[in-house]
Amino acid sequence: MPYVHDTLEALRKSSPAQTEFYQAAEEVLECLRPLFERSPHYLDHGIIERIVEPERQIMFRVCWTDDAGRVQVNKGYRVQFNSALGPYKGGLRFHPSVTSGTIKFLGFEQIFKNALTGLPIGGGKGGSDFEPKGRSDGEIMRFCQAFMSELYRHIGPTTDVPAGDIGVGAREIGFLYGQYKRLSGRYEGVLTGKSLNWGGSLGRKEATGYGAVYFAENMLEARGETLEGKTCLVSGAGNVAIYTIEKLHELGAIPVTCSDSRGTLHHADGIDLDLLKELKEVRRVSLEAYLETHPEARYLPAGDYPADGHAVWRIEGDVAFPCATQNELTEADAEALLGNGVTCISEGANMPSTAAAVDRFLAAKVAYGPGKAANAGGVATSQLEMAQNSSMEQWPLEKVDARLKEIMANIHRQCAETAAEFDDPTNLVLGANIAGFRKVADAMIEQGVV
Ligand SMILES: NC(=O)C1=CN([C@@H]2O[C@H](COP(=O)(O)OP(=O)(O)OC[C@H]3O[C@@H](n4cnc5c(N)ncnc54)[C@H](OP(=O)(O)O)[C@@H]3O)[C@@H](O)[C@H]2O)C=CC1
Ligand SMILES: N=C(CCC(=O)O)C(=O)O
């Protein structure tokens, strides 16, 4: 019966060049070794071989015309990874770096993240190598319509419910939903992150960022600390980063950085959130424009990144929130953060720390919240949107935010209790992976070999 090593070797042979997927799979499978030693029954039923293999992978061609009338062709993907706990649930990423391996890693992480929420949702993910940046609203609309014309036959409110991720925000969800409704003839909760005017949930836009901060609060509280007065380093300048910064300000912390693919902004007095939203949510321009209002701030162009990492992690702070993209925080970045006194890392992004960086955080026994636990607030609130859609209701913000706080506290409790159960109480990576895996594996065993 193939074990961890054999399974990883088999993956490498059967799925070439999916390095991000191997990274995600290796972290989970290595964490499961102590579980398999205590509960060898999980090695029966083919659970390992099944859980690393998606139930379904859909790839399709997306053809559309740009504003100049030229035909454009992109790749489209949806990985329906695991439905043991509920309908597939996970975002859509539109970014030129997207490959089948990217979507597979994101879908694999989503399985355990969704399990940790305690809500009835399985793991999936999708996207395209389409680059939304620099495209007109008309081009974005025509791409989204072409993409959904292929995807719609595979999704549904109790089958597979996509949402946003990098490059997919409210604008894209609107265009995708309009095409789905046109083709299916049905008005139903088949996407989340919808506009509040037609089925969206209050609090969903803010949920991933807010949830990452709530998770940090839970980690610090367990160590007798709070976020108040803490200098916080945030990467990214999109949906997750903006609402991480918003909640940090609200809790009396001082978020002093944000970043995008062109550079890093450092404002020691604290990021001006209203200006950041104007630059990124309205004008969609570079962070450098921030200096026109705040010349006292510093802008570090991406070209000046240190060779072995990223400028945002070389600035002094107490707490770090990586909210941009995978592997954006290297081992050298981790060493710099620890050397600068950072004692808490809460991941808003999916797999933002390299495996070597994770090892550094774990060895230092700092409060480290892996993305599959810390950023689960987004998907959890997406499921709350699904619940509202199925009952044709819209809950008040207070109810949604109270549920989000409760879910994040429960995720932290599961991770901490499971880590302690396996004699490594500060290792929330171990706790998250075992707690999430057990829920999925138990359901898979009960549902038979399917
Ligand atoms: N949206 C959601 O509900 C959830 C998102 N996440 C994760 O959070 C992270 C951010 O997603 P989200 O905020 O939604 O996406 P957005 O597209 O809103 O923002 C992404 C931000 O990250 C930056 N970025 C993206 N790729 C790179 C790169 N290769 N190098 C440097 N900067 C980069 C972007 O800069 P630029 O504009 O210059 O490209 C942008 O500022 C992702 O890892 C996503 O998977 C996790 C849970 C839920
Ligand atoms: N992009 C998301 C959100 C998924 C969702 O809300 O279904 C993620 O959890 O990575």
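We count ligands from 1, going down the list as the structure has it; atoms in each ligand are counted the same way.
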To the nearest 0.1 Å, how far is [atom] from its closest protein heavy atom, and which atom is that?
atom	value
atom 44 (C) of ligand 1	Asp165 OD2, 3.3 Å
atom 19 (O) of ligand 1	Gly238 CA, 3.3 Å
atom 2 (C) of ligand 1	Thr208 OG1, 3.6 Å
atom 27 (C) of ligand 1	Thr325 CG2, 3.7 Å

Do [X] and [Y] make a side-chain contact, defined as non-hydrogen atoms from C-beta onward lying under 4.5 Å apart?
X	Y	answer
Ile155	Met148	yes
Lys439	Phe112	no
Phe143	Ser128	yes
Glu347	Asn375	no

Indicate yes or no: does [X] engage [Y] in a salt bridge with an N to O separation below 4.0 Å.
X	Y	answer
Glu109	Lys113	no
Arg93	Asp165	yes
Lys89	Asp160	no
Glu288	Arg262	no
Lys372	Glu27	yes
Asp333	Arg360	no

Which of the numbered atoms in ligand 1 are under 4.0 angstrom from any heavy atom belonging to [X]?
X	result
Ile166	11 (O), 15 (O), 17 (O), 42 (C)
Ala324	9 (C), 10 (C), 22 (O), 42 (C), 43 (O)
Asn375	46 (C), 47 (C)
Ser259	41 (O)
Arg93	42 (C), 43 (O), 44 (C), 45 (O)
Cys323	9 (C), 10 (C)
Ala349	7 (C), 8 (O), 9 (C), 43 (O)

Under 4.0 Å, heavy-atom basis, I'd like to know which part of [X] is in contact with ligand 1: side chain, backbone, both or neither.
X	answer
Arg204	side chain
Lys133	side chain
Ala207	neither
Asn350	both

Is there a heavy atom of [X] sitting under 4.0 angstrom from any atom of ligand 1?
X	result
Pro352	no
Gly348	yes
Gly167	yes

- Item | Pick from Ala241, Ala380, Ala237: the one approaching atom 40 (C) of ligand 1 most closely through a non-hydrogen atom |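 Looking at heavy atoms only, Ala237 sits closest to atom 40 (C) of ligand 1.
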- For atom 31 (C) of ligand 1, which candidate among Ser261, Gly193, Ala376 holds the nearest heavy atom? Ser261
Do ligand 1 and [X] have nitrogen or oxygen atoms that lie under 3.5 Å from each other?
X	answer
Gln326	no
Asn239	yes
Val240	yes

- Item | With Asp260 via side chain to side chain donor-acceptor pair (under 3.5 Å) - residues at least two apart | Lys280
Less than 3.5 Å apart, N/O on ligand 2 and N/O on the protein: could you list those pairs with the distances?
residue	atom	partner	partner atom	Å
ligand 2	1 (N)	Lys125	NZ	3.2
ligand 2	1 (N)	Gly164	O	2.9
ligand 2	1 (N)	Asp165	OD2	2.9
ligand 2	6 (O)	Arg204	NH2	2.9
ligand 2	6 (O)	Ser382	OG	2.6
ligand 2	7 (O)	Lys89	NZ	2.6
ligand 2	9 (O)	Gln110	NE2	3.0
ligand 2	9 (O)	Lys113	NZ	2.9
ligand 2	10 (O)	Gln110	OE1	3.4
ligand 2	10 (O)	Lys113	NZ	3.0
ligand 2	10 (O)	Lys125	NZ	2.6
ligand 2	10 (O)	Asn350	ND2	2.9

- Take Cys31 and Val429, measure what side-chain contact (heavy atoms from CB on, under 4.5 Å) needs, and give me the verdict at the end. CA-CA 8 Å; Cys31 282; Val429 177; 3.9 Å; yes
What do you reckon, is [atom1] of [X] surrounded by more than 12 foreign heavy atoms closer than 6.0 Å?
X	atom1	answer
Lys277	NZ	yes
Glu250	CD	yes
Arg153	CZ	yes

- Item | Centroid-centroid distance, Phe147 to Phe130, less than 6.0 Å |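 No; Phe130 has its ring centre 6.0 Å or more from that of Phe147.
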- Item | Between Phe21 and Phe108, ring centroids under 6.0 Å |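 Here the rings of Phe108 and Phe21 have centres that are less than 6.0 Å from each other.
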- Would you call the rings of His267 and His294 parallel, tilted or perpendicular if under 30° counts as parallel and over 60° as perpendicular?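 Aromatic pair His267/His294 classed tilted.
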- Item | Flag: protein heavy atom within less than 4.0 Å of atom 34 (C) of ligand 1 | no
